[in-house]
2 protein chains.
Amino acid sequence: MADKPAATAATQEGQARAKMGAVKMDDIARMAGVSKSTVSRALSGSPLVNEETRARIQALVESHSYRVDTRAQGLRKGHTHTIAVVIPLLHEHDQPISDPFFLELLGHIADAVADHGYDLLLSKIGPGRTDGMADLVDTGRVDGLIAIGQSTAHLGLERLAARGMPLVVWGAQLPEQHYVTVGSDNRAGAERAVAHLIAQERRRIVFLGQRTVPEIRLRHEGYVAALAAAGIEPDPALDVPTRFASAAALTAMRSLICGGASFDAVFACSDVIAISAIRALQDQGLKVPEDVAVVGYDDIQMAAFYNPALTTVRQDTATGGRLLVDLLFAQIAGRTARSVMLPTELVVRASSGAALSGTTTPGSR
Amino acid sequence: MADKPAATAATQEGQARAKMGAVKMDDIARMAGVSKSTVSRALSGSPLVNEETRARIQALVESHSYRVDTRAQGLRKGHTHTIAVVIPLLHEHDQPISDPFFLELLGHIADAVADHGYDLLLSKIGPGRTDGMADLVDTGRVDGLIAIGQSTAHLGLERLAARGMPLVVWGAQLPEQHYVTVGSDNRAGAERAVAHLIAQERRRIVFLGQRTVPEIRLRHEGYVAALAAAGIEPDPALDVPTRFASAAALTAMRSLICGGASFDAVFACSDVIAISAIRALQDQGLKVPEDVAVVGYDDIQMAAFYNPALTTVRQDTATGGRLLVDLLFAQIAGRTARSVMLPTELVVRASSGAALSGTTTPGSR
DNA sequence: GTGAAAGCGCTAACAA
DNA sequence: TTGTTAGCGCTTTCAC
């Protein structure tokens, strides 16, 4: 009977361990014959703790695979060690839009955040709901926010920034704007793309994108500027709004064609839109780039693999993602951060027709 | 001078508010003239609190836009209200692979998680590092894990499951496996796809995918089964391993072609791979589907927009994502969950050549 | 170099 | 119906 309590205890201990995370700092302290404080110091690399003691503690920690509870740690230290990424339009009409551009950017953000030793909370709150974004930090869930795309939330974002909330947004730099943004030079990128089309002897160029989005509005300005430089007046009939989803772009393009509009080129505001547009064109028996030249935007990985390969404006997601994160951490650290506009690069491939009069990839018609 | 302290206080209060989340439950309690506990009860909808009191508290909460600190709440209640999604290969050689299939699934998972009122932590720890996955819950950061793809981590996942960690993985259901999975019927899906190819009079069918991944191994079994049913013996020369990245698939396909292999169809293990393969084929002057029929896997949104439109095996990410989450919550709630294998559907489009002898989309060559 | 004690902001017995 | 009292697991003065 003397054994019974021991056995029971063992069992309980076993159950406790099975039920996870059961061993806590106090337990380690007891086993090491020191106090909780010493363990805490040892684990945080304090120089005040005896080397021998530290080693003993370390060993215990390893053998019991103890991990400090970051939740409790954060509560005490006043931070969360996690930042939130808010993606707009992760769903549109309950459907994922799944634009590869987002994943690429997200991937780089995830990398950078991990490099800082932080966790990443992914939120599907659209930027339209800035109150939800505020909640994320007000409820102590994250230390700062990255919003991908400002969409229609400009005012809400201004409000958050005014409240002193650490926040960086991927998007356009608007005049009089107080939150910090990272984004490509939309105006210049679009202008260069359209100028390239014009250089291919195209004059009636469709603008495919929704100007309610700030970035798209800037691209439209670039489009107009390029036309103006060539003495072409923009035709309102060729201004075709569309959302970023493939289906929407397909529909928009289709109705343009069936409406009998005449055009010889398309500037699409994303590669996904461009691809859908090409599909629509080919479905109607039009050849790309012979009949209609097409330029996209983003340079998603698939752009090079599409058929025809897509001429497009590259957005550098690698440095963009890293910048987003660095600027956010600067704010969290109390430093001031300034918006950055990334340069943009035109990648010429087959879809714009330029390759026809020059180096053509064998077999790429 | 009587005003001075007041002014200072106001400023300090202002600063405090600006510095965020400054107002806490105690403050609300004091203002409402009740105790912290009453506020807590009121906010959690306890029926024990007086309606009039609750209203008063509610008003204070609104006007001060107070939000309970979920981190402290979680510490006390013993949960985190967040679950982690671990994505394999979010980066490969430091490059995002950005397979749209992942984003689609992730989007649906995000939806389902949000419906449960939970947050979603995105981790780039590959499934190879199951210790890192364990840390996520051991350090109290999340209540459970969803791994997308088991990849090479089968044993590690088994260990986690054995430890009683709430865990669901998207992938193949392996024999003798103890963790719960959700995935499509890879074997049947592949078999149907290959049978379809055979029905188009194709006999020399390339298998494009890496069999070290469990799901792919099952698809290969389906491939072999379909061939066997038609009395065709699999040719090792047509078994072409490739990773999921576009570039890798392109290279693999190219070297197959240049190696002089003879084949009339390709079964690709993902749509991204299929698209890259088609690019490689066309670059070499081969026509799809006339010379080579191609079938993909996943049915990503772009599949329908590719040129030629892709015949593919659809994986239902919507119900898959929801199932993943539901099964995880079942485990967290202490219920037992059983693995689910989703049925699979062959979506026939132009790339497999079937449309040639029937309804062809106009202009789709 | 180490320990005791006081919280971080919240919830949950237990009283009243 | 409400208040009081303990903590959740950790860090950090302040003593020794």
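Chain identifiers are assigned alphabetically (A, B, ...) following the order of the sequence lines, protein sequences preceding nucleic acid strands; residue numbering begins at 1 within each chain. Atoms considered below: every heavy atom in the structure, side chains included; atoms not considered: hydrogens, waters and symmetry mates. In this text the structure is predicted, and so the values were computed from the model without any measurement.
A perpendicular orientation is assigned to the rings of A:F329 and A:Y118, their planes being inclined by more than 60° (bins at 30° and 60°).
Contact between the side-chain N/O atoms of B:Y66 and the OP1/OP2 oxygens of C:dG9 is not found at any separation under 4.0 Å. At the phosphate of C:dT2, neither OP1 nor OP2 sits under 4.0 Å from any side-chain N or O atom of A:S35.
For A:T80 and A:D143, the side-chain atoms include at least one donor-acceptor pair closer than 3.5 Å.
B:S37 comes within contact range of at least one nucleobase, with a heavy-atom separation under 4.0 Å. Using a 4.0 Å heavy-atom cutoff across all strands shown, A:T38 reaches sugar-phosphate atoms only and no base atom. Contact annotation for A:R71: no contact, since no heavy-atom pair falls under 4.0 Å across all strands.
The nucleotide whose nearest atom lies closest to any side-chain atom of A:R41 is, among C:dG9, C:dG3, D:dT2, C:dG3. Candidate nucleotides D:dC10, C:dC10, C:dC8 were compared by shortest atom distance to the side chain of B:A72, and C:dC10 ranks first.
For the segment residues 46-59 of chain A, residues with any heavy atom less than 4.0 angstrom from an atom of DNA chain C are, sorted by number, A:L48, A:V49, A:N50, A:T53.
If you check distances only, the side chain of B:R76 never reaches the base of D:dG9 with a donor-acceptor pair under 3.5 Å.
A straight line from NZ of B:K77 to P of C:dT11 spans 6 Å, rounded to a whole angstrom.
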